[in-house]
Amino acid sequence: DLNPDFLHDINRHQLYLLAEEFRKFDFDPEVISLTADVEYLGGFIAFKSSEAQKLCEMMRDRGVHTDYRKGWLRMGPAPYLCDEQLSDGIHALDEAVRELKRLNGQ
């Protein structure tokens with residue numbers, strides 16, 4: 001029953017969930033920010049960060065697969081991920097950002 005409409009609905013739900021979870025944390029916008037509403041995102045969510053590459057590596061160390069393009073850290077939802085896993089991904093992002101700030105002496 002995986003038809004395009006159903007997959008689109010899952011993707012939208014997951015993007016909204018990721019954005020909602022991100023907004024629950026008090027991320028320093030100088031380090032990482034969500035600059036677009038979910039309605040304007042493609043199939044993944046992108047966070048603006050000058051430290052995107054380093055955060056991507058730190059997320060991988062935490063078992064969360066992300067990628068980056070220049071100053072953008074990207075997280076891609078997928079129909080085989082549950083809401084809890086997506087939430088855990090944002091919690092791992094919070095840990096990575098905190099660690100990065102410590103490493104940078106902030």
_Walk me through whether M75 and I90 qualify under side chain to side chain contact (heavy atoms under 4.5 Å, CB included)._
CA-CA 9 Å; M75 296 180 80; I90 298 296; 3.9 Å; yes

*What's the shortest heavy-atom distance between G43 and P77, and which atoms?*
O-CD, 3.4 Å

*When the ring planes of F47 and F22 are compared, do they come out parallel, tilted or perpendicular, using 30° and 60° as the limits?*
parallel

*Give the minimum heavy-atom separation between F27 and D94, together with the two atoms involved.*
CE2-CA, 3.6 Å

*If every non-hydrogen atom of G71 is compared with every non-hydrogen atom of A52, which pair is closest and at what distance?*
C-CB, 4.0 Å

*Do Q14 side-chain atoms and N11 backbone N/O form a donor-acceptor pair below 3.5 Å?*
no

*So with a 6.0 Å cut-off around CZ of F6, is the heavy-atom count from everything else above 12?*
no

*asked:* If you compare all heavy atoms of S87 against all heavy atoms of E21, which two are closest, and at what distance to 0.1 Å?
replied: OG-OE1, 3.1 Å

*With the 4.5 Å side-chain cut-off for hydrophobic clustering, are L103 and M59 part of the same group?*
yes

*Can you tell if the side chain of R69 reaches within under 4.5 Å of the side chain of R74, non-hydrogen atoms only?*
yes

_Exactly one of L18, D83, L86 should register a side chain to side chain contact (heavy atoms under 4.5 Å, CB included) with H13. Which one does?_
D83

*Could you tell me which residues satisfy side-chain hydrogen bond (donor to acceptor under 3.5 Å, both in side chains) with R62, sequence neighbours excluded, listed by chain and number?*
E95, E99

*Would you find more than 12 non-hydrogen atoms of other residues, nucleotides or ligands less than 6.0 Å from N3 atom CG?*
yes

*Which distance, rounded to the nearest 0.5 Å, do you find between the CG of L93 and the SG of C56?*
11.0 Å

_Same cluster or not: L100 versus Y68, using hydrophobic residues (I, L, V, M, F, W, Y) connected whenever any side-chain heavy atoms lie under 4.5 Å apart?_
no

*Give, for atom CD of E51 and atom CE of M58, the distance between the pair rounded to the nearest 0.5 Å.*
9.0 Å

*Under the 4.5 Å side-chain heavy-atom rule for ILVMFWY, direct or indirect, which residues accompany W72?*
none

_When you compare the side chain of R60 with that of T66, does any pair of heavy atoms fall below 4.5 Å?_
no

_Residues R98, K101; criterion side chain to side chain contact (heavy atoms under 4.5 Å, CB included); working and verdict_ = CA-CA 5 Å; R98 288 173 188 266; K101 288 178 85 169; 5.8 Å; no

*Which atoms form the tightest heavy-atom contact between L34 and A19, and what is the distance?*
CD2-CB, 3.7 Å

*Non-hydrogen side-chain atoms of L73 and I32 separated by less than 4.5 Å*: yes

*Report whether Y16 and L7 are members of the same hydrophobic cluster (ILVMFWY, side-chain heavy atoms less than 4.5 Å apart, transitive linking).*
no

*State plainly whether one hydrophobic cluster holds both F44 and L17, where clusters connect Ile, Leu, Val, Met, Phe, Trp and Tyr through side-chain heavy atoms under 4.5 angstrom apart.*
no

*Looking only at heavy atoms, what is the nearest atom pair of I10 and P79, with distance?*
CG2-CA, 3.9 Å

*asked:* Closer than 3.5 angstrom, by distance alone: can the side chain of S49 be matched with the main-chain N or O of V31 as a donor-acceptor pair?
replied: yes

*Same hydrophobic cluster for L15 and L2, using side-chain heavy-atom links shorter than 4.5 Å among ILVMFWY?*
no

*Taking atom CD of E30 as the centre, does the number of heavy atoms from other residues, nucleotides or ligands within less than 6.0 Å exceed 12?*
no

